[in-house]
J.: 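Below are the structure tokens for one structure; questions will follow.
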Amino acid sequence: MSSTSSHRRTSHTPRRRAAAVALVGVAALVAAAVQSGAATAAPDRAPSASAAADPGALPKKLTPAQRAELIREAEAGKADTARQLRLGAQEKLVVRDVVQDRDGTTHTRYERTYAGLPVLGGDLVVKTAKDGSTEGVARATRAAIKPATLTPAVGAARAERQALAAAKAEEATSPDVNRAPRKVIWAANGTPTLAWETVVGGFQHDGTPQELHVVTDAATGEKLFEWEAVQTGTGHTVYSGTVPLTTTQSGSTYNLTDGARGGHKTYNLNRGTSGTGTLFSGPDDVWGNGTPSNLESAGADAHYGAALTWDYYKNVHGRNGIRGDGVGAYSRVHYGNNYVNAFWSDSCFCMTYGDGSGNANPLTSIDVAAHEMTHGLTSVTAKLVYSGESGGLNEATSDILGAAVEFSANNSSDVGDYLIGEEININGDGTPLRYMDKPSKDGSSKDNWYSGIGSIDVHYSSGPANHFFYLLSEGSGAKTINGVSYNSPTADGLPVTGIGRAKAEQIWFKALTTKFTSTTNYAGARTGTLAVAGELYGTTSAEYKAVQDAWAGVAVGSRSGGGGGGTSFENTADVAIPDRGAAVTSPVTVTGRTGNAPSNLQVAVDIVHTYIGDLQVQLVAPDGTAYTLKGYGTGGSADNLNTTYTVNASSEVANGTWLLRVQDNAAADTGYINSWKLTFP
């Protein structure tokens, strides 16, 4: 029987939109059947910097064969690379991904092992010039991988019990160990140590499949970390309009297999919660009728949304499939019963969609498809751990690039915007799930970074990165884009001028694929995006300064001119930080204030140090209360700390002597406090 690709059109019945304005729902979802036709309202362009990107620094469009050859070369040379990086005798590199710029610069992403054990949080990216010289290394940790022992004092059974208890604490249903504890080296924070990693299956409290990773200290039995590998969100319903689908004909039967995009397939789970279900197939090449009751409609949505996302990554960023290997993921629709969610799973390399409340609103749409497929992209590139600040950046990446795909689709029925999840009406009042211009409008997300943001749900800690992307693209203040009104504030009250969405997308994508690691936090994201802006436009460019200003607009780092709003008190005297020594302090005396300090006290820290992961940095109020700005073992691979923190100091009297207290907790790296500043907005 012959197998050929066809471009099948899907018949849909036009449906009235729930909201009066054309909004976009990105959030944590994937895939959709999209409407055809060009958007009637062209996106309003933000004021943009005029410089063109250095063409040599843009990603090269690699064929799967070219990428495979680069990986073979990296594999052949990984022992030499390990020696150049001065890794220990028991450390080995494992090649995970390779991307290349047009000028021949290559970015190779590695995992590490130690004595044959996986090193979690030991990943790194090596930047190599065309001539083979190493130009830079981005590391998830710069701590030496030298665990005190490789013999566990705590057995696997105890680790299993702890992992199951963690799952039950999250109200999991039928939790069970689906991957027995394995010995690993935990290096994501603090001193690398022998640990057990246990994976618990079952279902999360909302019916989403569970893949909970729990890391247990093999010496003490203490839980070191946990994260959920199945990444979730909320999406849209079936869309109106008629759209082309690429399908496959086998004899007299057609099926939803996209031979033009890596063999992506779309399956019908028919309310099941496991397996792949049944591949959509039929005697004709017309799929669905646009109503949720017709099971083909959601399948068409998911299939089309996946195609749009594939095309965006290939045409805009030169990436041939999620992994860059030309192989498609697959989609599953009609998951469970009344399941109001959609999710990405690494274990199946697939996207899955529920049908919503009453099985009447399939969570399938353009932005949802892009959001979920982007979780897959993140999993094979930066692999941002889905917890803490890295988890917020993981979620924001899916929102950011999901919005980019929707704008790129330029669809008349679903024009691009910076609103997330407005179609599903999850709140029951027609409001979106999330707002990129001012995340706090949803009642839970955060507009700006603060020292405790890593402790909240990743869908809410994504707010500052979403806000940063909006500011970088469009700028601050009131404006209307595609009929939607926005009014984006900044943390310091100063304006930000956008550089245009296309440049912002390119900067974020390249930072994700060449600078971010599994442990990247907000400070690391600022460092990575600035590095990319410098490569593309130069460090004196308007684009580089806009990245600085947009991050300052969400309380991460200082402005391009080094300034900020409000009344400031600063200490510029250098204070040496002893290597693995006692804590040192630098004082700032505040006078002339009345009452207590504000809830958004700005603490600008400039520390020169060869490895900031060793440092614990605290603000000490006049009464001795300490606020941890940066914990020991955090900060990723950055060499210096130049960041503005937001502290809720409203319980402290403003006037008096405040201290910046810094301690170096590990050996081999040195530095000093260069300056620090308190700003009362």
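Computed from heavy atoms alone, side chains included, the values below leave out hydrogens, waters and symmetry copies. Predicted model only: the values in this text are computed from it and were never measured.
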J.: Among Asp355, Asn270, Thr352, which residue meets the side-chain hydrogen bond (donor to acceptor under 3.5 Å, both in side chains) test with His334?
T.: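 When side-chain hydrogen bond (donor to acceptor under 3.5 Å, both in side chains) is applied between His334 and each of Asp355, Asn270, Thr352, only Asp355 qualifies.
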J.: Is the positively charged end of Arg501 above the ring of Phe407, judged by distance under 6.0 angstrom from the centroid and angle within 45° of the axis?
T.: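 Flagged: Arg501 positioned over aromatic ring of Phe407.
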J.: Taking side chain as C-beta onward, heavy atoms only, is Trp344 less than 4.5 Å from Ser398?
T.: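 The answer is no; the side chains never approach within 4.5 Å.
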J.: In plain terms, say whether Arg434 and Asp399 are close enough for a salt bridge, that is, a side-chain N and a carboxylate O under 4.0 Å apart.
T.: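 Yes, Arg434 and Asp399 are salt-bridged.
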J.: Of all heavy-atom pairs between Phe349 and Ala329, which one has the smallest distance, and what is that distance?
T.: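 Distance-wise, the nearest heavy atoms are O-CB, 3.2 Å.
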J.: So, applying side chain to side chain contact (heavy atoms under 4.5 Å, CB included) with Leu393, which one of Ile400, Leu384, Val385 is it?
T.: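 When side chain to side chain contact (heavy atoms under 4.5 Å, CB included) is applied between Leu393 and each of Ile400, Leu384, Val385, only Leu384 qualifies.
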J.: Regarding Glu535 and Lys515, does a basic nitrogen lie under 4.0 Å from an acidic carboxylate oxygen?
T.: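 Result for this pair is yes, salt bridge flagged.
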J.: What are the two closest non-hydrogen atoms of Arg112 and Leu124, and how far apart are they?
T.: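 Here Arg112 and Leu124 meet closest at NE-CD2, 3.9 Å.
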J.: Which label fits Trp508 and Phe516: parallel for a plane angle under 30°, tilted from 30 to 60°, or perpendicular past 60°?
T.: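 Correct class here is perpendicular.
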J.: For a quick check under 3.5 Å, do Asn337 and Asn359 share a side-chain donor-acceptor pair by atom type?
T.: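 There is such a pair between these side chains.
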J.: Is it true that Arg319 and Asp97 make a salt bridge, defined as a side-chain N closer than 4.0 Å to a carboxylate O?
T.: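 Answer for the salt bridge query: yes.
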J.: Report the C-alpha distance between Asn320 and Leu62 in whole Å, list the side-chain angles of each, state the deciding distance to 0.1 Å, and finish with yes or no for side-chain contact (heavy atoms from CB on, under 4.5 Å).
T.: CA-CA 7 Å; Asn320 199 327; Leu62 296 174; over 6 Å; no
J.: Is Lys265 paired with Asp258 through a side-chain N to carboxylate O contact shorter than 4.0 Å?
T.: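 Looking at Lys265 together with Asp258, the answer is no, because their closest N to O distance does not fall below 4.0 Å.
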J.: So, do Tyr312 and His317 have ring centers that fall under 6.0 Å from each other?
T.: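 Yes, ring centres under 6.0 Å apart.
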